[in-house]
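Report on the structure given below.
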Amino acid sequence: MVEGVGPLSREDTVRRTLAATLATSTAVAVTTFSAAAPAPAKPGPQPPPKVPVATGYGGAVSSVDPNATAIGLDVLRRGGNAVDAAVATAAALGVTEPYSAGVGGGGYLVHYDAASGEVTTIDGRETAPAAMQPDAFIDPATGKPYPFTPDLVTSGVSVGVPGTPATWQTALDRWGSLSLADALRPAADLAQRGFTVDPTFALQTSENALRFRTFTSSGELFLPRGRVPAVGSTFRNPDLARTYRLLGARGTGWLYDGALGAEVARTVQRPPLSGETDLPVPVGSMTTADLAGYRAHVQAPTSIGYRGYDVYGMAPSSSGGTTVGESLNILEQLPEPADDVAALHQYLESTALAFADRGRYVGDPAYVDVPTEALLDDTFAKERGCLVDPAVAATKPVAAGDVTSYDGICEAPADAEGVDTDTEGLSTTHLTTADRWGNVVSYTLTIEQTGGSGIVVPGRGFLLNNELTDFSTVYDPADPNRIQPGKRPRSSMSPTILLRDGKPVLALGSPGGSTIITTVLQVLLNRLDLGMSLPAAVAAPRASQRNTANVTAEQAFIDRYGAALASYGHHFAVAGPPGSSASEIGAVAAIELGPGGQLTAVAEPTRRGGGSAGVVRPTLGR
Ligand code: GLU
């Protein structure tokens, strides 16, 4: 049965509740504060055109935003490398996509170094403060968990120590040619002169109006004169321009050991409440010592072989690399599917199995023993693949596999222990860069929720994350993703680079909470197995099976494949309310590297209003 409006999983319920609450919040804001009446539009600077596909040579950038892509390309044109361009593009996204990423958040960066042929990663995930207790998400007033929305998402208690500035500095130190000041300058200029508000920015502001109005700093910045900025008007952020310039001049020590850090800690402990709303805002415990203790980790990628490609991804604390890798390993040892629908059935079954293992085993490796090797072992995948029936979808949830004992021989499926509750946000942003020397960066960064914690650091122009909501909400001592002081919450971010014969051929990633994993997988499946071009692989409708009773899918996927897949026993729930940002799954930014240095940069044609791809020297005649 195709369940467009069928029973919802807990996960779907969380997502829908969130969307509905934010929609209601906006309505409340409208009645109480007239936030709906958009500010009158003043003509803004003309944004660069949005181009979803660009082909050529000499370097490439793909991101969700035309200003950010243009800044990255400019860095490449002036002789910067892929890392310089990635940092400059990311900083620009902090200006134009401030609700998805920025100085107050974290992320994961995968780098291919052309000179050495090595792939290395940076884990720039936010960390929990040292004083965070296992019961941090329990309301002392009631003894019950805080409601996820709005209490937990709009709080100091969910703010992790930001990792993004440390990630930028670490990447530049290791591989870049620009100083941090130079890499941030174009974004500072952009924040100063402003950008033209597009419908996505206006919608996201409107969806967050109540949260922003709760804090003096956030309301002043994002709701000028109490209103959502009108589409077509210019949005300037001089505070952020100054923050970028000071960060460049003073270095990241300004945040981790200095005055900015003290301001961040104070904001987390005493958010600047406006008194205009009655949203409860649980406070956090972050101190300057937590900031001083922060490190971005340079670490080895995950690596698996798939049909002649070497697939590199993020090792834990992200579950991206292990879950993408395990799914591909399972797919690789299944019989060749008869047609596209059979291939999609295999895809949905493989991700359910891999998500069961992700939930059971993956957390911050500094705190829990993550069996990364076993999860990526072909023999383990073979045994997991035994559970994929060629004609019948398994009943979800499926149980996790046994990583301590496996031999590739099929066994009867075990009973599942329970459903993994998914509260990851649907925000985040991804960018991919490549340079003339053949270096490649795949970088996903976030502040978690769209709008993060909703709290702008007063006078600094950036939002703090609410990344700690990625910890399991209910504490269970056996859960690898339980709250622990100083720990990194498990992520799904999956920046990925594929090599063939030692050379990069494809780099990609996406936002979208836990759907990031399935989005990356589906694009790989479309491109490598189903014969689509990269632009077609990115544009194709998406579905996400994360070990829940229903497959969450875009309406277009259900329209195209729902009936055929229902005959296997797959059930569908349409993603998000129609017309809301949650009705789309992911927003891919990718680059394909062809023979002779040819580059194809690909962004979304329509999701999130369309992304922006560019190359340094476009191929003429296209
Ligand atoms: N917090 C999520 C993660 O780390 C990302 C949030 C999102 O994509 O919206 O996986």
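Whatever order the structure lists them in is the order used to number ligands and atoms, beginning at 1. Quick note: residue numbers are just sequence positions, from 1. As the structure is a computational prediction, the values presented were derived from the model and not from experiment.
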Salt-bridge contact E584-R608 (side-chain N to carboxylate O under 4.0 Å) = no
Name the orientation class of the two ring planes belonging to F195 and F201 (parallel below 30°, tilted from 30 to 60°, perpendicular beyond 60°).
-> perpendicular
Please determine if E604 and R542 form a salt bridge, counting it only when a charged side-chain N lies under 4.0 Å from a carboxylate O.
-> yes
Ligand 1-proximal atoms of T450, by part, heavy-atom distance under 4.0 Å | neither
Applying ring pair (Phe, Tyr, Trp, His ring centres under 6.0 Å), name anything that partners Y256, two or more places apart in sequence or on another chain.
-> Y294
Any N/O of T446 closer than 3.5 Å to an N/O of ligand 1?
-> no
How about S317 and Y108: does a side-chain donor come under 3.5 Å of a side-chain acceptor?
-> yes
Ion pair check, R125 and D364, cut-off under 4.0 Å | no
Within 4.0 Å of some non-hydrogen atom of S492, the atoms of ligand 1 are 3 (C), 4 (O), 10 (O)
Purely on distance, is any nitrogen or oxygen of G513 under 3.5 Å from one on ligand 1?
-> yes
Atom indices of ligand 1 within 4.0 angstrom of E467 heavy atoms, with elements | 1 (N), 2 (C), 4 (O)
Quick one: side chain to side chain donor-acceptor pair (under 3.5 Å) partners of S453, sequence neighbours excluded?
-> none
Are Q449 and ligand 1 in contact, using a heavy-atom cut-off of under 4.0 Å?
-> no
Taking only heavy atoms of E448 into account, list the atoms of ligand 1 that are under 4.0 Å away from them.
-> 1 (N), 2 (C), 5 (C), 6 (C), 9 (O)
Can you list the ligand 1 atoms lying under 4.0 Å from a non-hydrogen atom of T428?
-> 5 (C), 6 (C), 7 (C), 8 (O), 9 (O)
What part of R125, side chain, backbone, both or neither, has a heavy atom within less than 4.0 angstrom of ligand 1?
-> side chain
Under 4.0 Å from any heavy atom of I516, which atoms of ligand 1 are there?
-> 8 (O)
